[in-house]
Chemist: 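Structure below; questions to follow.
All residue numbers refer to positions in the sequence shown, counting from 1. Predicted model, so just to flag it, every value in this text is computed and none were measured.
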Amino acid sequence: MALSFLAGPWWGVLAGFFYHLIDFALNRTLEPGHLFMLCHCLAALTAGYYKKWFITQTDSNARLFIKLVILSIVMCLVMSISGGIIGYILNNLEAYHAASSQTDFLTFLWQNTFKSKLVLQIAVRIPVNIADRFICVFAAWGVYWLGRKSIRPFNQTQ
């Protein structure tokens with residue numbers, strides 16, 4: 001996400017792709033779970049375009065904070081919906097048996113609450129993703145801010 005903020009959304013997508021490529025190279029396993037790479041790509045696109053379209057250099061600290069909170073919520077929905085769809089597809093593949101995940105306990109608790117398995121797959125991701133997205137968005141913005149401050153002196157001396 002920080003790369004999406006610094007260099008643009010498509011560089012963030014490239015970083016997400018290479019993260020999964022390195023994981024594949026190190027573990028020598030290509031499994032259906034690598035489809036979750038699409039979640040990372042959507043997150044990079046969302047973060048990059050949100051910054052490009054909604055965040056300006058003239059935003060006050062309070063306005064920026066509110067915009068980052070909104071981005072965190074949007075990112076939670078993007079990750080929960082895309083991850084839920086991928087999880088739903090993978091759960092219907094007989095050959096795919098996911099290892100225990102962060103959502104297994106909530107899936108067990110909520111399986112009788114939701115009639116749709118797809119809605120269940122999306123809903124169980126929201127509690128995990130909301131905390132994760134707040135941490136990631138604000139951390140990525142901090143990295144972006146530090147990176148922008150450290151790059152600026154080089155641009156001014158040239």
Chemist: Do the side chains of Ile135 and Val128 join up, straight or via other hydrophobic residues, at under 4.5 Å, putting them in one cluster?
Modeler: no
Chemist: Are Tyr19 and Leu14 co-members of a hydrophobic cluster defined by side-chain heavy atoms under 4.5 Å apart?
Modeler: no
Chemist: So, taking the atom named CZ in Arg133 and the one named CG in Leu77, what distance separates them when rounded to the nearest 0.5 Å?
Modeler: 12.0 Å
Chemist: Quick one: OG on Ser82 to CG on Leu35, what's the gap to the nearest 0.5 Å?
Modeler: 11.5 Å
Chemist: So, using side chain to side chain donor-acceptor pair (under 3.5 Å) as the criterion, who are the partners of Thr58 when residues are at least two apart?
Modeler: Thr56
Chemist: Is Tyr88 close to Leu120 at the side-chain level, that is, under 4.5 Å between some pair of heavy atoms?
Modeler: no
Chemist: Could you tell me the separation between the CD atom of Gln57 and the CG atom of Leu64, rounded to the nearest 0.5 Å?
Modeler: 11.5 Å
Chemist: Quick check: is Val74 connected to Phe134 through a chain of hydrophobic side chains (ILVMFWY, heavy atoms under 4.5 Å apart)?
Modeler: yes
Chemist: So which atom in Pro127 and which in Ala123 form the shortest heavy-atom distance, rounded to 0.1 Å?
Modeler: CD-O, 3.3 Å
Chemist: Of Ile70, Ile73, Leu68, Asp132, which is the lone residue that meets side-chain contact (heavy atoms from CB on, under 4.5 Å) with Val137?
Modeler: Leu68
Chemist: Taking side chain as C-beta onward, heavy atoms only, is Phe36 less than 4.5 Å from Leu90?
Modeler: yes
Chemist: What pair of heavy atoms forms the shortest contact from Pro9 to Gly48, and how long is it?
Modeler: CB-CA, 3.8 Å
Chemist: Angle class for the Phe138/Phe65 ring planes (parallel below 30°, perpendicular above 60°, tilted otherwise)?
Modeler: tilted
Chemist: Check for me, please, whether Trp145 and Ile66 land in the same ILVMFWY cluster - side-chain distances under 4.5 Å, paths through other members count.
Modeler: no
Chemist: Testing Ile55, Leu71, Leu146 for side-chain contact (heavy atoms from CB on, under 4.5 Å) with Trp141, which one passes?
Modeler: Ile55
Chemist: Contact between Tyr49 and Trp10 at the side-chain level, heavy atoms closer than 4.5 Å - yes or no?
Modeler: yes
Chemist: Identify the heavy atoms of Val143 and Ala2 that sit nearest to each other, and give their distance.
Modeler: CG1-CB, 3.6 Å
Chemist: Looking only at heavy atoms, what is the nearest atom pair of Ile126 and Cys76, with distance?
Modeler: O-SG, 3.8 Å
Chemist: Which atom pair, heavy atoms only, marks the closest approach of Asn129 to Met79?
Modeler: ND2-C, 3.6 Å
Chemist: Kindly say whether Phe54 contributes a backbone atom to a donor-acceptor pair with the side chain of Lys67 at under 3.5 angstrom?
Modeler: yes
Chemist: Got a second to check how far Ile130's CD1 is from Met75's CE, nearest 0.5 Å?
Modeler: 11.0 Å
Chemist: Considering non-hydrogen atoms only, spot the tightest contact between Met1 and Ala140 and give its length.
Modeler: CB-CB, 3.6 Å
Chemist: Using the rule that Ile, Leu, Val, Met, Phe, Trp and Tyr join whenever any side-chain heavy atoms are under 4.5 Å apart, tell me whether Trp53 and Tyr50 fall into a single cluster.
Modeler: yes
